[in-house]
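Taking it in order: structure first as structure tokens, then the write-up.
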Amino acid sequence: MSHHIVEVKNLKYTYPDGTCALKDISFRITHGESVAVVGENGAGKSTLLLHLNGYLMSGNGIIRIGDYPLTKETVKEIRRTVGMVFQDPDDQLFMPTVYDDVAFGPLNLSLPPEEVDSRVENALFTVGALHLKSRPPYRLSGGEKRSVSIATVLAMSPDILVMDEPTSNLDPRARRKLIELLKTFKHTKIIATHDLDMVMDLCERTIVIHKGQVMSDGPTAEIFMNQELLAESHLEKPLRMQGCPVCGNK
Amino acid sequence: MSHHIVEVKNLKYTYPDGTCALKDISFRITHGESVAVVGENGAGKSTLLLHLNGYLMSGNGIIRIGDYPLTKETVKEIRRTVGMVFQDPDDQLFMPTVYDDVAFGPLNLSLPPEEVDSRVENALFTVGALHLKSRPPYRLSGGEKRSVSIATVLAMSPDILVMDEPTSNLDPRARRKLIELLKTFKHTKIIATHDLDMVMDLCERTIVIHKGQVMSDGPTAEIFMNQELLAESHLEKPLRMQGCPVCGNK
Amino acid sequence: MHMADALISPAVGGTMWAASAGLIAYCSKKVRDDVDDIKIPLMGVVGAFIFASQMINFTIPGTGSSGHLGGGMILAILLGPYAAFLTMASVLTVQALFFADGGLLALGCNIFNLGFFPCFIAYPFIYKKIAGEQPTQQRIMAGALAASILGLQMGAFGVVLETLFSGISELHFRTFVLLMQPIHLAIGIIEGLVTAAVVTFVWKARPEILEMAATAKPVRHLSLRNVIAGLLVFAAITGGALSWFASANPDGLEWAMFHVSGKEELESPEKGLHSMLGAIQEKTAFLPDYSFKNPEEKEGHAKTGEGEPAANSGEDGKWPTVSAGTSVSGLVGGALVLVLAAFIGFALKKRS
Amino acid sequence: MSRIQTAFLDLGLMDTLSGKDTPVHRLDPRAKLLTTLIFIITVVSFGKYEISAIIPFFIFPAVMMSLGELPFYYLFRKILIVIPFAFMIGIFNPLIDREILMRIGLFSISGGWISFCSIMVKFILTAGSVLVLIACTGFNSVCMALEKMGAPRIFAVQLLFLYRYIFVLIVEASRMANARALRSFDGKGKGMKVFGYLLGHLLLRTIDRAQRIYLAMLCRGFDGEIRVNRHLEAGMREVIFTVAWSAFFIAMRVYNIPLIAGSFITELIL
Ligand SMILES: Nc1ncnc2c1ncn2[C@@H]1O[C@H](COP(=O)(O)OP(=O)(O)OP(=O)(O)O)[C@@H](O)[C@H]1O
Ligand SMILES: Nc1ncnc2c1ncn2[C@@H]1O[C@H](COP(=O)(O)OP(=O)(O)OP(=O)(O)O)[C@@H](O)[C@H]1O
Ligand SMILES: [Mg+2]
Ligand SMILES: [Mg+2]
């Protein structure tokens, strides 16, 4: 079964205004892998992620999710398989209560009410936010919002989780909790981020994007040891690898 | 001369809806100090900063900036002394071009046009953004926006810089450049942030806020060594002090 | 339902420009005097919100087509009438300039149709009355629905009148009204429902936002008497402009009557029809005196005007020669000039 | 590509075009605004059966477009997008006004068709000239010009704010629409109710943003008055530009050049 494979081949994308955001991207992610997509501001990370669930489609290049190539016919099926978590939870939480929000996707799949209910409870339980069920999302703290926005995606029981900068704006503990949470998931994970320390904790593999091209693709540890590569793509070693300024460790 | 002193005594604040955001805050910051304000989401950091330039005023407690207590009469004077950099540069850059934006403050001070002009040039030069002068702000990258938003504040030649989460949403290189820039300033700096690694680089003193109260106030290095304190206030050691997971250094 | 430049005459466009400019000046003064400075950024940002929200669609139940938020009513509820009018005017200006959606000359008409009616009629006299001081969800719902429908009906009627007075379209008053009003009833209902949904959402989440707008003092100052007085002044200006226009073209008023009342009733006296058709040409002329126009052209048009009923009665001998001659010349010349224009453009481009 | 993204791109592209540096771009915005207005008024003032006399007016946008290095097809496509309303109103003319006004050989053309064509030509000209104005002037400059020409300052400032924050809010709105689309299936979840919630949330965020902006303004000494350190300079160039074009428009309005040229040619041939 190749159900959770993500394959991108020679993907190119130019925004209608002529900005060439993706020049030539190819990679293959297999079942259960956890992959980071890193690169400077404007490198094309978000554009790439938007292709994975068919929000953007270009004639150029091939995307396969599981057994299907992504086409107009399969996009509906594929959106169930690929769950996307946005950078700003406020973009994702628009219903009057947390419950409604998490139930929004399953209801649109026309599932029976009991099934919807159990999915919502499960998803909220998994992220540890069951107690927020009846709260309106705009009254939640940043960390709580983030957990709920992940729950909205989990409730669709996706096989692949795609996340755009999930740790931004969280306090250290909330960030840590999120990392722990994500570690427990067995899904295939694709995470675009600037938080390279999280990458070290979560992803065994890293893809570096630079000006719309794959600049490097390999084991996370190797990539972060490559000083030149990092400098060229506006990155730095993860902070933890930079040595402690107090005790002077390198 | 006690011009750049910031003193807060027994400050309390309750939002009109009844949320008690600040319970009892006191501290004193002297000329040229660089102080971090840290704490979990919702601890009250932003609320505290909003008091320092008189946007929020409560009958309870005393705030002194330089020689004056902050009151309705002195607030205009004090707003010149305290420059505030917001978390989202889009909130701060509201004029049609970078030049207009940086000139906005000096023009409100009714300075003569040549003086305004030279201040704008100076401020933009200081942050290394002179070449962006005639660009509209929505055409700037995240890092550029941040630099310009600092220039808008510098053009008022404030004595005290107050910043709310200045490194959020920047890629590693842009973040590094910002830290280098801030290091060169001789102003008194007060920075609310979750980026504890930046705190280590920039601030010799740290104030930990927890549930609207000052939980700890002291040299940064000491505070970050206090594991218990950090745990209680939802913080962690800065990542660089957590040891490298690759080579196993602690 | 944005009016386009091509559908209005300079007189109508100018009058509506004057009216809207006057209202903008008046509202600016009112907002200025309002002590609340925060209105300045708030208006701009909420205007941007209206703009952005118009780009998101929703599916209209049962039809499969999609709709979006129009804006005037929700702005009035959020900002109060004066600030809302200014904001609506800016939204329309951006639409006109960037998307050519409603032209520069027609901007006055559009601001009046989509800004004045919702902000100064529907909001104070419908919404406020229904929603009352202590709004409930039902009251907000009913108020927003009624006010949106009424505002749009008046706006649509404005479009009808402006189009007819401009005399570019052949549509009869009755047909046009029967066309516009029901379409805008549907649009109004949808707009009302959406407005109500958004307003109740905000009201539940952050009631203080609506209270802020409702208690802002300008609203109280807006009395029915002032509005009626304003409308009378406007009517006087319009009337003045139109009668200036009519006196310069003696048949103008008659022509307008003819259009408004429909063709049939006035058709019987052949003379009347002739002079009217003749008047159509003059009416839409820029400078009302013939002497400014090329006599030959006038001749040709006048002839065609007179020749038409003659054609019906079978004696179509004389006019086609003259008219065809001029028309063919016109076409040839037009094509020539068009080529010339393209050439000029091309040559300049090459050079630069 | 969703509508909202297209709109954003449109704005962005128009804004980019207006940032070019050509002789046309360098002109004072007031001159261009005034000239465009005169252009539109003269075009609109033509009788409803006139077509050929309007044709010379294409020279103005053609010249502006080439001097300003503006992409013709792009602007033309933009006009086509908005043409339906004028088309819908205009198309009644051929249905109602069937009086034959013109015969060319075997073809007889009714007044309705002529006036319909006239509407379309006028539409292309007026809409086109507005787009050309923005593409070679920029919105901010047009606002400044409006203010200098007597529009209330608060209105001009408000326009500037609106324009500035369109760029921010459209991105926010499109992300929300995007998030909704990814969890909607078979058109479910795109109804009015959800739309209301979506906009409600966006509105709350927008109002919060307004509050933060206000605060940022206060911090920089805002006292209810917006000041700008910029002066527009209109020199001889601007005067010549405006007067020359206006004279041209009025001349074209008074003399039907194509007709004169055409009769000259047809006479030569016949
Ligand atoms: N809607 C759009 N229209 C035109 N260009 C766009 C659009 N969205 C993004 N771009 C451009 O495409 C390029 C890639 O953008 P993208 O958002 O994918 O970068 P990113 O890697 O996600 O950056 P960040 O780290 O800042 O999120 C950038 O140059 C950007 O300016
Ligand atoms: N406008 C407001 N009305 C009511 N309560 C508010 C308002 N703004 C903030 N609060 C509440 O006041 C408390 C302190 O908020 P504040 O924004 O100061 O926290 P913070 O330390 O800046 O958090 P973060 O790290 O998330 O920025 C929180 O409980 C918050 O919910
Ligand atoms: Mg991104
Ligand atoms: Mg904060």
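Values reported hereafter were calculated over all heavy atoms of this structure, with side chains retained and with hydrogens, waters and symmetry mates removed. To find a chain, count down the sequence lines: A is the first, B the second, and so on, and within it residues start at 1.
- To the nearest 0.5 Å, atoms CG (Asp101(C)) and NZ (Lys78(D)) are separated by 10.0 Å.
- For the pairing with Ser53(C), the side-chain contact (heavy atoms from CB on, under 4.5 Å) check across Leu198(D), Leu169(D), Leu199(D), Ile170(D) returns one residue only, Leu199(D).
- For chain C, the nearby parts of Ile119(D) are the backbone and the side chain; heavy atoms of each come within less than 4.5 Å.
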Requested in this report: Please assess Ile40(C) against Phe222(D) for the test side chain to side chain contact (heavy atoms under 4.5 Å, CB included), listing each intermediate value before the final yes or no.
Outcome: CA-CA 11 Å; Ile40(C) 293 171; Phe222(D) 175 64; 3.9 Å; yes
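- Contact of the Ile89(D) side chain with the Phe176(C) side chain is registered, since non-hydrogen atoms from C-beta on lie closer than 4.5 Å.
- Considering CE of Met43(C) and CZ of Phe155(D), their distance stands at 9.0 Å, rounded to 0.5 Å.
- For the pair Arg32(C) and Arg153(D), the minimum side-chain heavy-atom distance is 4.5 Å or more.
- Among all heavy-atom pairs drawn from Leu204(D) and Ala205(C), the shortest one is CD1-CB, 3.8 Å.
- At a 4.5 Å heavy-atom cutoff, Val194(D) makes no contact with chain C through either its backbone or its side chain.
- For Met64(D), no part lies near chain C; criterion is any non-hydrogen pair under 4.5 Å.
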Requested in this report: Please lay out, stage by stage, how Phe116(D) and Glu170(C) fare under the test side chain to side chain contact (heavy atoms under 4.5 Å, CB included).
Outcome: CA-CA 10 Å; Phe116(D) 170 72; Glu170(C) 294 286 344; over 6 Å; no
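- Separation of atoms CZ (Phe99(C)) and CE (Met14(D)) is listed at 8.5 Å; rounding is to 0.5 Å.
- Here the OG atom belonging to Ser90(C) is positioned 12.0 Å from the CZ atom belonging to Phe161(D), to the nearest 0.5 angstrom.
- A distance of 8.5 Å separates CG in Leu162(D) from OG1 in Thr93(C), rounded to the nearest 0.5 Å.
- With contacts defined as side-chain heavy-atom distances shorter than 4.5 Å, the pair Gln158(D)/Thr87(C) qualifies.
- Your options are Ile40(D), Val142(D), Ile83(D), and the one with the most heavy-atom pairs under 4.5 Å with chain C is Ile40(D).
- Heavy atoms closer than 4.5 Å to chain C are found in the side chain of Val157(D), but not in its backbone.
- The two residues Ala86(D) and Leu7(C) make their nearest non-hydrogen contact at CA-CD1, 4.1 Å.
- The CG atom of Asp5(C) lies 10.5 Å from the NZ atom of Lys122(D); values are rounded to the nearest 0.5 Å.
- Residues Leu97(C) and Tyr163(D) fail the side-chain proximity criterion, which asks for heavy atoms closer than 4.5 Å.
- Within the 4.5 Å cutoff, the side chain of Ile207(D) has no heavy atoms near those of the Phe49(C) side chain.
- No side-chain heavy atom of Tyr214(D) sits less than 4.5 Å from a side-chain heavy atom of Leu42(C).
- Interface remark: of the candidates Ile24(C), Ile8(C), Ile50(C), Ile24(C) forms the most heavy-atom pairs closer than 4.5 Å to chain D.
- Within the 4.5 Å cutoff, the side chain of Thr175(C) has no heavy atoms near those of the Ile96(D) side chain.
- If you measure heavy-atom distances from Ala89(C) to chain D, the contacts under 4.5 Å come from both the backbone and the side chain.
- When Phe139(D), Phe60(D), Phe123(D) are compared by the number of non-hydrogen pairs under 4.5 Å with chain C, Phe139(D) comes out ahead.
- For Arg180(D), the part sitting under 4.5 Å from any heavy atom of chain C is the side chain, from C-beta outward, and nothing else.
- Considering all non-hydrogen atoms of both residues, Ile166(D) and Val94(C) come closest at CD1-CG1, 4.0 Å.
- Your options are Ala197(C), Pro41(C), Gly47(C), Gly13(C), and the one with the most heavy-atom pairs under 4.5 Å with chain D is Pro41(C).
- Annotation: side chain of Leu179(C) is not in contact with side chain of Met88(D) (no heavy-atom distance under 4.5 Å).
- A search for side-chain hydrogen bond (donor to acceptor under 3.5 Å, both in side chains) contacts involving Thr126(D) returns nothing, not counting sequence neighbours.
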